[in-house]
Amino acid sequence: MNIERLRPIDEWSWSLPKAPEETRGEVRLYAGRELIEHMDDKVLEQITNVAKLPGLVGAAMTMPDAHWGYGFPIGGVAAFDPEAGGIISAGGVGFDISCGIRCLRTTLAAADIAPVARALADSLFANIPAGVGEEGSLRLAPRELDDVLTGGARWAVGEGYGTEADLEFVEEHGCMAGAKPEHVSDLAKKRQRGEMGTLGSGNHYLEVQVVDRIHDAEAARAFGLAEGQVVVSIHCGSRGLGHQIGTDYLVSLAKGAARLGISLPDRELACAPIRSPEGQQYIGAMNAAMNCALANRQILAELTRRVFRHFFPGASLETLFDVSHNTCKPETHTVNGRPRLLYVHRKGATRAFGPGHPSLPARYRPVGQPVIIGGSMGTGSYVLAGTAESENRAFSSASHGAGRAMSRNQALRHWRGRELIDELAGRGILIRTKSMRGAAEEAPGAYKDVDLVAEATEKAGLARRVAFLRPRLCVKG
DNA sequence: ATGTTC
């Protein structure tokens with residue numbers, strides 16, 4: 001992207017000075033110069049389109065890891081007021097509804113896992129179903145699947161996956177209100193019946209990591225993190241169900257937009273007013289998909305514990321936090337000094353509530369919400385904490401990952417999966433996957449530099465760095 | 001992301 005097109009607000013925030021007339025708010029990009037210069041022009045085009053949608057409040061924004069997506073950029077944040085004709089867009093949530101990361105802190109040290117690393121990697125690979133269309137050991141009857149869609153992680157705990165103690169540390173306490181299974185198609189439900197407790201493919205993973213560096217001692221203490229400690233991060237979402245809901249509702253939201261005379265700057269931005277039948281049906285289905293994803297990560301956390309228990313009977317794996325990064329949620333935000341209920345789209349962006357937010361567990365309330373930036377395969381991830389400034393800057397949002405720097409097809413031309421895996425093994429990082437193609441697509445070089453993303457996230461005031469996690473073992477979808 | 005192009 002030609003940075004000359006942007007006006008610097010400061011070193012880490014940029015605004016589009018000559019936005020088209022139809023925009024209803026500022027177009028703002030959060031990132032450092034280097035990240036902006038390497039960003040696809042499509043990011044600016046797409047977020048400018050988002051700024052044209054009805055009922056936008058404040059700025060349409062991108063996070064430092066932003067890249068080209070379907071309609072909305074991935075790393076896009078935009079809030080809409082339902083009382084001002086505000087819209088909901090399936091492209092603003094993403095196909096993998098409620099994709100997110102569950103982070104578990106363990107009582108193990110790096111030295112504990114070193115002697116069994118290969119066996120542990122093999123056992124995780126054998127017991128965590130991963131890959132396209134891969135099914136798990138659960139087969140749910142239609143009524144049971146409806147219970148998943150209304151119960152979320154709470155349902156999974158009731159089925160013996162994990163404990164009540166996990167739920168305090170899951171967004172929405174594990175259960176998103178307002179789920180309407182009746183607005184989820186039979187096809188979406190059918191696709192999901194065998195896919196609960198599966199990781200999926202693409203950028204999804206289960207990683208065993210070691211805390212490599214502490215940036216903020218006070219927050220690390222609150223999060224229960226210390227240097228040398230083993231943690232496990234699980235990145236996955238709502239699998240076939242969320243994808244099918246996205247596909248179904250692109251059609252019905254486009255009809256809603258046409259029916260109500262909303263002109264779409266891009267057909268990929270199919271949307272309908274929040275206060276419309278089409279909008280309400282999508283919201284009900286999206287909330288159901290959110291519960292599907294929360295239940296899925298709850299099951300996977302328990303499957304992980306069972307594997308660890310076999311190797312380390314005395315170890316415990318507690319949920320540090322579970323946060324989604326493909327959502328649209330109703331939240332109260334202060335705009336010009338006045339609290340307003342807004343629907344905040346975060347597509348490839350993490351909610352990042354600051355210190356004192358009432359929805360946070362008491363343990364974290366003094367330091368802010370844990371924010372997880374999942375790195376690319378073999379590079380590293382960050383745990384951050386929400387800040388007070390993020391509320392004014394980005395409706396309390398932050399980055400979600402390293403962010404792609406190259407398309408999957410481009411990556412396939414540059415790398416071979418087997419060579420990458422061997423090279424990573426040489427550096428002590430064990431990858432387990434069924435798909436060599438997938439591994440090539442996920443080459444670390446096809447992603448942005450996660451250190452730059454985390455630095456920009458902090459410097460832009462979106463969240464502050466707490467700990468850097470270095471990968472050891474990785475099960476890839 | 002995705003029964004990886006209805």
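Predicted model, so just to flag it, every value in this text is computed and none were measured. Chain letters run A, B, ... following the sequence lines, proteins first, then strands; residues in each count from 1.
In this structure, NZ of A/Lys476 is placed 11 Å from P of B/dT2, rounded to the nearest angstrom. Taking atom NE2 of A/His235 as the reference point, atom C1' of B/dT2 lies 14 Å away to the nearest angstrom. Here B/dT5 presents its P atom at 12 Å from CZ of A/Phe95, a figure rounded to the nearest Å. Separating the CD atom of A/Glu134 from the P atom of B/dT2 is a distance of 12 Å, rounded to the nearest angstrom.
Map A/Arg404 and A/Arg437 each onto its nearest nucleotide of DNA chain B; the residue landing nearer the 5' end is A/Arg404.
Applying the 4.0 Å criterion to OP1 and OP2 of B/dT4, one finds that A/Arg408 has every side-chain N and O outside that range.
Of the possible polar contacts, none joining the A/Ser238 side chain to the A/Leu241 backbone as a donor-acceptor pair under 3.5 Å is found.
Applying the ring-ring contact (aromatic ring centres under 6.0 Å, His included) test to pairs two or more places apart or on separate chains, those with a residue in residues 251-303 of chain A are A/Tyr249-A/Tyr282. Applying the ring-ring contact (aromatic ring centres under 6.0 Å, His included) test to residues at least two apart or on different chains, the pairs with a partner in residues 429-477 of chain A are A/Tyr382-A/Phe468.
Taking the six-membered ring for Trp and the full ring otherwise, A/Phe223 and A/Phe321 have centroids separated by 6.0 Å or more. Between A/His235 and A/His325, the distance separating the two ring centers is shorter than 6.0 angstrom.
No engagement by A/Leu199 is indicated, since no non-hydrogen atom pair under 4.0 Å with the nucleic acid exists. Among the protein residues, A/Ser238 comes within range of no part of the nucleic acid, since none of its heavy atoms lies under 4.0 Å from any strand.
Within residues 240-252 of chain A, the residues having any heavy atom closer than 4.0 Å to DNA chain B are, in order of number, A/Gly240, A/His243.
By the 30° and 60° cut-offs, the orientation of the rings of A/Tyr70 relative to A/Phe95 is perpendicular.
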